[in-house]
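Structure first, commentary second.
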Amino acid sequence: MSDFIPVNEPVIGEREKELVMECLNTGWISSEGPFVSQFEEAFSRRVGRNHGIACVNGTAALDIAVAALKLGPGDEVILPTFTIISCAAAIVRAGAIPVVVDADPHTWNMVPDQVAAAITPRTAAIMVVHIYGLPVDMDPILEIANRHGLAVIEDAAELIGGTYNSKPCGSFGTISTFSFYPNKHITTGEGGMVVTNDDALAERCRSLRNLCFLPNRRFVHEELGWNYRMTNLQAALGLGQLEQLDQFLSKKQWIGKKYNEHLSDCNEIRLPLINTSYAENIYWVFGFIIDESVPCNAATLISTLAKLGVGCRPFFYPMHKQPVLKDLGLFAHTSLPIAECLYERGLYIPSGLALREEQISHVSKMVRDAIGEFVS
Ligand SMILES: Cc1ncc(COP(=O)(O)O)c(C=O)c1O
């Protein structure tokens with residue numbers, strides 16, 4: 001079991017340890033410590049936004065974003081069905097209505113034409129989610145949003161450091177969100193960030209993150225918020241990681257290149273796009289789709305690979321199939337075949353920043369061997 005290659009392993013350097021030790025040595029461990037605002041400033045500058053609001057995780061960042069925009073009962077929010085539950089949960093928790101669209105079979109991202117077709121008089125916002133390493137085609141989405149006067153929430157959790165037409169992911173939304181879970185391009189253990197250029201929205205986000213204390217009358221509340229504050233310890237880790245973001249991006253792209261070299265002639269799987277006309281893939285994870293000709297689904301291949309010592313994960317289970325959302329009466333007659341197929345036949349293999357060349361060769365060989373068990 002010691003040779004097991006996990007699906008993710010982060011890289012934590014000396015700089016992060018030095019900064020975290022500074023928190024421990026000075027006693028500044030809570031959200032009051034100085035690294036939180038330093039991390040917010042450095043991160044929002046990197047993304048090209050005026051404000052950064054650090055919080056406990058990417059799920060909380062979405063809750064804050066939805067609440068800051070005052071989305072609620074009667075409001076429809078369009079989002080991809082092929083995403084993590086955090087996206088739909090934030091909308092549903094606010095009392096708003098999630099409206100899902102299918103994925104593109106090649107980029108795995110939401111399709112602008114389908115977003116346009118899903119607009120109704122009740123649509124209040126579009127939640128864009130960049131998936132697995134390539135961004136959503138933003139120009140047409142922004143054009144639709146402008147035409148209809150809609151807010152855009154841009155969930156860039158998986159594309160820290162990624163760009164769309166050379167502009168940073170996270171710089172497009174009315175409000176944009178990130179996650180710093182250890183499988184992300186930079187990590188704070190658990191953590192997230194909301195970014196925006198809008199002063200009033202930023203102020204609301206800060207308040208929502210901190211229980212909506214009234215500035216002049218502490219312990220008096222006119223609105224319910226959360227304690228979603230990031231600690232100084234997490235921010236210290238984040239600052240150290242952010243200094244290395246460009247190296248981490250190069251490493252992820254190197255991992256993608258190596259997997260492509262090893263697997264591009266494997267006809268039984270469809271590899272992710274290396275680029276599109278507007279972006280380079282930054283391989284948050286290296287996923288692939290099992291070809292229809294192979295009589296096995298992702299779940300079976302994942303358990304075969306686990307026995308061979310390779311940690312894998314299935315692709316997202318579409319939102320329109322989620323029992324918890326269907327129980328709320330949502331998506332009763334919705335069928336979105338691309339996302340359903342992505343879940344059925346898609347998986348990702350070890351893609352973490354600590355991955356070594358020999359591990360990539362080994363994983364690639366195991367992928368071929370595992371698929372070989374199902375084709376004669
Ligand atoms: C697109 C996307 N949004 C939100 C999240 C939630 O982030 P967190 O795990 O930090 O709550 C994730 C987590 O992986 C994600 O991939």
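As the structure lists them, so they are numbered: ligands from 1, and atoms in each ligand from 1.
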Review point. Does any non-hydrogen side-chain atom of Tyr228 lie less than 4.5 Å from one of Thr59?
Key: no
Review point. What residue and atom, counting heavy atoms only, is the protein's closest point to atom 8 (P) of ligand 1, and at what distance?
Key: Gly58 N, 3.4 Å
Check your understanding: Closest non-hydrogen protein atom to atom 9 (O) of ligand 1, residue and atom name please, with distance?
Key -> Ser179 OG, 4.1 Å
Check your understanding: Does any N or O atom in Thr59 lie less than 3.5 angstrom from one in ligand 1, N or O only?
Key -> yes
Review point. Looking at Tyr132 versus Phe82, is the centre-to-centre ring distance below 6.0 Å?
Key: yes
Exercise for review: Find all atoms of ligand 1 within a distance of less than 4.0 Å from any non-hydrogen atom belonging to Val129, and give their numbers and elements.
Suggested key: 1 (C)
**Study point:** Of Leu242, Thr188, Leu237, the residue whose pairing with Phe180 passes side-chain contact (heavy atoms from CB on, under 4.5 Å)
**Key:** Thr188
Exercise for review: Could you tell me whether ligand 1 has any atom less than 4.0 Å away from a heavy atom of Lys184?
Suggested key: yes
Review point. Is it true that the side chains of Arg229 and Asn210 contain a donor and an acceptor less than 3.5 Å apart?
Key: yes
Check your understanding: Nearest protein heavy-atom contact for atom 3 (N) of ligand 1: which residue, which atom, what distance?
Key -> Asp155 OD2, 2.6 Å
Review point. Honestly, is Lys321 close enough over Tyr343, meaning NZ or CZ under 6.0 Å from the six-membered ring centre and within 45° of the axis?
Key: no
Check your understanding: Is there a heavy atom of Ser86 sitting under 4.0 angstrom from any atom of ligand 1?
Key -> yes
Check your understanding: Has ligand 1 got any nitrogen or oxygen that is less than 3.5 angstrom from a nitrogen or oxygen of Glu158?
Key -> yes
Review point. Taking Ile78 as the fixed residue, which of Leu150, Ile144, Ile97, Thr123 is the one that meets the side-chain contact (heavy atoms from CB on, under 4.5 Å) rule?
Key: Thr123
Practice item. Could you tell me whether Asn57 approaches ligand 1 through its side chain, its backbone, both or neither, with non-hydrogen atoms closer than 4.0 Å? Key: both
Review point. Tell me: protein heavy atom nearest atom 5 (C) of ligand 1, and distance?
Key: Ile84 CG2, 3.8 Å
Practice item. Before accepting this row, confirm whether a basic side-chain N of the pair Arg206/Glu40 lies closer than 4.0 Å to the acidic partner's carboxylate O. Key: yes
